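Note that the coordinates shown come from a computational prediction; the quantities given were computed from them, not determined experimentally. Labels below follow one simple rule: chain letters A, B, ... track the order of the sequence lines, proteins then strands, and each chain is numbered from 1.
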There are 2 protein chains.
Amino acid sequence: MIELFKILSNEHRIQILTWLKHPHDHFAAEDIEPEVKDYGVCMSVIQRKAGISQSTASAYLSSMVNCGLLKSVREGQWTYYKRNEEKIRELAEYIKGTL
Amino acid sequence: MIELFKILSNEHRIQILTWLKHPHDHFAAEDIEPEVKDYGVCMSVIQRKAGISQSTASAYLSSMVNCGLLKSVREGQWTYYKRNEEKIRELAEYIKGTL
DNA sequence: CTATCATATCTATATTTCCCGAAATATCAA
DNA sequence: TTGATATTTCGGGAAATATAGATATGATAG
């Protein structure tokens, strides 16, 4: 849980999380993998939009996957990221119930 | 909000917050100010229980007041701390709704 | 007034985080 | 194979944070 809060203590990471909540409101349609595949958005697209270096984007996104906030799928040379809604719900429950 | 997550990124501070949720389960009755006064628990008591230095306790608690998680009342030489339930509810709502 | 207790603040140092560029790796296409 | 693109890993400097000890302030008891 502590780890989760650390990850959320950064403007860019929060932003990425909210962008991915409604990808179609924030990314061009061609930058979002088809609903059927449910792949989300790939790193370079997120990186450009966030205005951070690729190494930083990579580190951010993998830390978000590690703590369970995001899920990723590698497809060829691309890695697609999308939210893990369950984890986010869990976090809200924890704050409401336990904290 | 970012600030809030930073504050929550620390084991001791999370612990203090949960202790203060049900003070009677975690502190001696005489260390809790009367319900009527609704003052909560004073710093030195929290500090001893947390096993941190006095200066650290002071910094933790005032940072928690600053970000709205706690409320404090100074009474003579003591400062009593209690939770700001509204802020905590707001946080859960933010995560559930906006994030 | 003096001593003492509770708290706040100041100073200093160790640790962590932020975030980049460069290099390495992976994949695909020609 | 060569080249282009996507991603990951490595190394590190700057900035922020953590946290202790020393000191200051303020209240209270004797």
Side-chain angles (χ1 to χ4, degrees), chain A residues 1-17 19-20 23 27-28 30-33 37 39-67 69-82, chain B residues 1-17 19-20 23 27-28 30-33 37 39-67 69-82:
Chain A
M1 200 54 64
I2 298 286
E3 199 49 40
L4 220 54
F5 286 128
K6 274 187 193 157
I7 299 298
L8 293 172
S9 303
N10 177 284
E11 196 69 54
H12 286 128
R13 290 188 296 256
I14 289 279
Q15 195 138 66
I16 290 168
L17 210 54
W19 286 339
L20 291 177
F27 298 97
E30 69 266 26
D31 285 339
I32 305 169
E33 276 302 293
K37 285 191 167 181
Y39 277 177
V41 183
C42 83
M43 211 199 60
S44 55
V45 170
I46 296 172
Q47 178 240 315
R48 261 191 307 279
K49 187 171 175 70
I52 54 184
S53 75
Q54 60 181 171
S55 60
T56 300
S58 176
Y60 282 3
L61 289 170
S62 66
S63 74
M64 292 170 82
V65 169
N66 282 339
C67 77
L69 284 171
L70 298 182
K71 294 175 186 174
S72 68
V73 179
R74 176 103 189 203
E75 176 96 345
Q77 70 229 86
W78 295 279
T79 306
Y80 298 98
Y81 293 90
K82 62 172 182 170
Chain B
M1 202 53 65
I2 298 286
E3 199 50 40
L4 220 55
F5 286 128
K6 275 188 192 155
I7 299 298
L8 293 173
S9 303
N10 176 285
E11 195 70 55
H12 286 127
R13 289 188 295 255
I14 289 279
Q15 195 137 67
I16 290 168
L17 210 54
W19 287 339
L20 291 177
F27 298 97
E30 68 267 26
D31 284 340
I32 304 169
E33 276 302 293
K37 286 191 166 179
Y39 277 176
V41 182
C42 83
M43 213 197 59
S44 55
V45 170
I46 295 171
Q47 180 239 315
R48 262 192 306 280
K49 187 172 175 69
I52 55 185
S53 75
Q54 188 268 323
S55 61
T56 299
S58 178
Y60 281 3
L61 289 170
S62 67
S63 74
M64 292 170 84
V65 169
N66 283 339
C67 78
L69 284 172
L70 297 182
K71 295 176 183 173
S72 68
V73 180
R74 176 99 188 207
E75 175 98 345
Q77 71 231 82
W78 295 279
T79 305
Y80 298 100
Y81 294 91
K82 62 172 182 169

Calculate the interatomic distance between [X] atom [atom1] and [N] atom [atom2]; express it in whole Å.
X: B:Y80; N: C:dA8; atom1: OH; atom2: P; result: 12 Å
X: B:I7; N: D:dT17; atom1: CD1; atom2: P; result: 9 Å
X: B:I46; N: C:dT7; atom1: CD1; atom2: C1'; result: 12 Å
X: B:E11; N: D:dT17; atom1: CD; atom2: P; result: 20 Å
X: A:K49; N: D:dA6; atom1: NZ; atom2: P; result: 18 Å
X: A:H12; N: C:dT17; atom1: NE2; atom2: C1'; result: 14 Å
X: B:M43; N: C:dC5; atom1: CE; atom2: P; result: 15 Å
X: A:I16; N: C:dC19; atom1: CD1; atom2: P; result: 11 Å

With no hydrogens and no angle check, is any side-chain donor or acceptor of B:S9 less than 3.5 Å from a backbone partner on B:F5?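 It does hold such a pair.
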Main-chain N/O of A:G76 paired to A:R74 side chain as donor or acceptor, under 3.5 Å: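 Indeed, once roles are kept as given, a pair shorter than 3.5 Å links the two residues.
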Using a cut-off of 4.0 Å on non-hydrogen atoms, how would the nucleic acid contact of B:S44 be classed: base, sugar-phosphate, or nothing?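 Sugar-phosphate only.
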At 4.0 Å (heavy atoms only), tell me whether B:R13 reaches a base, stays on the sugar-phosphate, or touches nothing.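 B:R13: backbone/sugar contact only, no base atoms under 4.0 Å.
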Show the distances under 3.5 angstrom between N or O atoms of the protein and N or O atoms of nucleotides 20-25 of chain C.
from, atom 1, to, atom 2, distance (Å)
C:dC20, OP2, A:S53, N, 3.0
C:dC20, OP2, A:S53, OG, 2.9
C:dC20, OP2, A:T56, OG1, 2.6
C:dG21, N7, A:S55, OG, 3.4
C:dG21, O6, A:S55, OG, 2.8

Along DNA chain C (nearest heavy atom to each residue), the more 5'-positioned of A:K6 and A:W78: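 The residue whose closest nucleotide sits nearer the 5' end is A:K6.
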Taking side chain to side chain donor-acceptor pair (under 3.5 Å) as the definition, give me every residue that meets it alongside B:S53, ordered by chain and number, with sequence neighbours left out.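 Partners of B:S53 by the side chain to side chain donor-acceptor pair (under 3.5 Å) criterion, ordered by chain and then number, come out as B:S55, B:T56.
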Check whether any side-chain nitrogen or oxygen of [X] sits under 4.0 Å from OP1 or OP2 of [N], and answer yes or no.
X: A:Y60; N: C:dC18; answer: no
X: A:S9; N: C:dT17; answer: no
X: B:R74; N: D:dA27; answer: no
X: A:N10; N: C:dT17; answer: no

[X] side chain near [Y] side chain, heavy-atom distance below 4.5 Å:
X: B:C67; Y: B:K6; value: no
X: A:S44; Y: A:Q54; value: no
X: A:L8; Y: A:L17; value: yes

Go nucleotide by nucleotide along DNA chain D from the 5' end; which of A:T79 and B:E3 gets its closest nucleotide reached first?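 Its nucleotide being nearer the 5' end, the pick is A:T79.
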Flag yes if more than 12 heavy atoms outside A:E11 fall under 6.0 Å of its CD atom; otherwise flag no.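 Open: at most 12 neighbouring heavy atoms sit under 6.0 Å from CD of A:E11.
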